[in-house]
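In what follows, a structure is listed as structure tokens, so that the remarks can point back to it.
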Amino acid sequence: MTLGDSKWHHLVMNWNAASKTMTYTFDDVNPDGSATGGGFTQSEVLDTSKFNSSDGLMRWGFMGATGSNSGNNMVVIESAPNLVDASAAVKVTDKTKNREITTGSQLKAKHKVQYDYQLTYQSGQLDWDNITAELNLPKYVTFDRAKVTYADGSEQALTAPTADATKVDYSLNKALSASQKTATITLTGTANDVTVNQNTTVTSATFKNKVFETSTEAPDYLITVDQPMGIYIRNNPYTVANGEDVTIKGIVAVENSEQLTNDKVTLHPTVNGQEMPTVQMSNDEESGFFSYKIKASQLHVGNDNKLEIWASDPYENESPVGVANITVTGGELSFKSVSKNSTFKSITLDGQAQTTDREDDWQLVVRDSRGKGSSWQLQASATNFKTTGGQTLAGDVLFREGDKTTVLNSNGTVIDSHTTTSDNDDYDVLSDWTSKSGILYRSNAGAVPGSYTGDITWTLTDAPK
């Protein structure tokens, strides 16, 4: 490396007395105070026994040799910790959202923003006085206020940077010391109303007097477009049959966007009050168009089904909530399954009346898809049982429920009723029948042996809710 290039070079030297090691770093900072992102670092162990010092202290400094040539060498002491040791840090805050902005994060256009540069006096033989602040300003931010707040609570008014300023210099009225350890320079402003997302770039700040200098860097972040968004439901309202899915069609409208495509738009749906997973719009659809499918299981019979949906982009822009109204038409009341032929268990006649229950070939299930809360009644009627030769069996078809027994005849008898608990309700009429309840057969004492058949008719009717 060479110093003979007519340029300033930054050098940091750090002496570790315990390990007797001098570590130096070269070219780590640019002349404007910004980091180079590189530099050269090396450590050397020194044999202090070679120095002739009665008290263990030494003076050190800089010297140069040019050989047979000549040249001007200049040194500026940036900081000497034994005289003044201080630090600088900067915090950037999105005041609209009350959150810190860091490198790579986002700030929405027109949001309020605040830069706080805090200087902290650590130690030293001297006060840090006559401090000059040289602040490089971020792009696409306009500041309207500036001040200094000291540790004792006092404030110093500053002139805000002009709208087109890229740099501003301030002088602090008060010195920092062991009794006045901090000073905070605060700049407040607003992110510009950009039309395309813009990076602010890293901005350095330098604080110095004649004996000490330190610097810090504000983060580079993205100022994003404040983009109005709208959402519109097409073909609204919707009507669908019970048990069927429905697909809602819509449009997300973004005016004059130069950077928004479908895949950067997120949909936030809520179906009948239940928040659903977000959905990314697809570039397979026409620009701005979307389709959202609602499953039949998420709907109920009636005209009060509702999809509420809004859109957002990666830059914190949001649309109002769009609403799709959905009517699910009722299905029908019917028998899902009925045995074509059913039998009673055989009776061994002994001259006395006997009652028998059913074989396992009975089925009677009612399907009601008219919607939750629908009601129905089931009636049963029966004919006399006869042989193929026309002989009538002496006996009756019974319906028994609890302590009540009813003889079935050609007039219908209500044997069950039900109010549905879902939009697709299957009800097994026989589920709670036992060997001593439900449809039974009772033969009289005069019954004659034989094989008898008869008809039982099931009548299903709507009932008021």
Side-chain angles (χ1 to χ4, degrees), residues 92-113 139-141 190-200 219-240 244-300 304-328:
V92 183
T93 305
D94 179 348
K95 298 299 289 183
T96 301
K97 289 287 189 177
N98 195 29
R99 62 189 178 193
E100 184 175 357
I101 300 171
T102 57
T103 298
S105 61
Q106 296 181 173
L107 173 69
K108 193 173 180 181
K110 299 192 287 189
H111 277 203
K112 296 296 182 181
V113 62
K139 294 181 179 180
Y140 311 109
V141 175
T190 305
N192 293 353
D193 189 12
V194 297
T195 57
V196 177
N197 296 342
Q198 301 285 1
N199 280 92
T200 59
D220 179 17
Y221 54 92
L222 189 69
I223 295 180
T224 62
V225 175
D226 180 26
Q227 180 69 67
M229 300 179 72
I231 192 167
Y232 306 95
I233 307 300
R234 302 164 59 200
N235 309 322
N236 199 22
Y238 288 77
T239 300
V240 63
E244 293 185 1
D245 301 337
V246 61
T247 299
I248 307 299
K249 302 283 188 177
I251 301 173
V252 174
V254 181
E255 296 182 6
N256 302 321
S257 174
E258 299 182 26
Q259 55 199 6
L260 206 59
T261 53
N262 278 10
D263 61 342
K264 290 185 178 179
V265 178
T266 301
L267 300 175
H268 306 259
T270 298
V271 177
N272 288 334
Q274 183 176 357
E275 189 172 318
M276 308 305 294
T278 58
V279 177
Q280 213 73 20
M281 284 178 57
S282 172
N283 286 336
D284 293 337
E285 298 249 20
E286 186 179 347
S287 179
F289 286 71
F290 70 85
S291 301
Y292 182 73
K293 184 177 182 179
I294 303 176
K295 295 181 179 179
S297 59
Q298 297 170 296
L299 302 171
H300 56 261
D304 57 345
N305 293 278
K306 184 181 295 185
L307 167 69
E308 298 170 289
I309 191 166
W310 55 278
S312 67
D313 68 11
Y315 315 117
E316 298 187 331
N317 296 300
E318 298 176 355
S319 76
V321 177
V323 178
N325 296 301
I326 308 161
T327 297
V328 178

message: Whether the side chain of Asn317 engages the backbone of Pro228 through a donor-acceptor N/O pair (distance < 3.5 Å, no angle test) should be reported.
response: no
Taken in chain and number order and not counting sequence neighbours, the residues that satisfy salt bridge (charged side-chain N to carboxylate O under 4.0 Å, His left out) with Asp245 are Lys293
Those residues at least two apart in sequence (or on a different chain) that pass salt bridge (charged side-chain N to carboxylate O under 4.0 Å, His left out) with Lys112 are none
So Thr93 and Glu100, side chain to side chain donor-acceptor pair (under 3.5 Å) or not? Walk me through it. CA-CA 4 Å; Thr93 305; Glu100 184 175 357; over 6 Å; no
Side-chain (Asp220) to main-chain (Thr103) donor-acceptor, under 3.5 angstrom
no
query: Can you check whether Leu299's main-chain N or O pairs, donor with acceptor, with Asn272's side chain at less than 3.5 Å?
result: no
Checking Arg99, Lys97, Lys110 against Glu316 for salt bridge (Lys or Arg N to Asp or Glu O under 4.0 Å), the one that qualifies is Arg99
The salt bridge (charged side-chain N to carboxylate O under 4.0 Å, His left out) partners of Arg234 (sequence neighbours excluded) come to none
(message) Determine whether a donor-acceptor pair (N or O, by modelled atom type, separation under 3.5 Å) exists between the side chain of Asn325 and the backbone of Pro237.
(response) no
Next item on the list: Evaluate the side-chain proximity of Asn192 to Ile223: yes if any heavy-atom separation is below 4.5 Å, no if none is.
Entry: no
Those residues at least two apart in sequence (or on a different chain) that pass side chain to side chain donor-acceptor pair (under 3.5 Å) with Thr239 are none
The complete set of ring-ring contact (aromatic ring centres under 6.0 Å, His included) pairs with one or both residues in residues 277-300, sequence neighbours excluded, reads none
> Is a side-chain N or O of Ser319 found less than 3.5 angstrom from the main chain of Ala311, in a donor-acceptor match?
Replying inline: yes
- Task: Measure from the side-chain N and O atoms of Asp94 to the backbone N and O of Val113, and report whether any donor-acceptor pair falls under 3.5 Å.
- Result: no
Spell out, as yes or no, whether a donor-acceptor pair under 3.5 Å connects the side chain of Asn197 to the backbone of Val225.
yes
What one should report as the nearest heavy-atom pair of Tyr238 and Val246 is CD2-CG2, 4.0 Å
His111 meets the ring pair (Phe, Tyr, Trp, His ring centres under 6.0 Å) criterion, sequence neighbours left out, with none
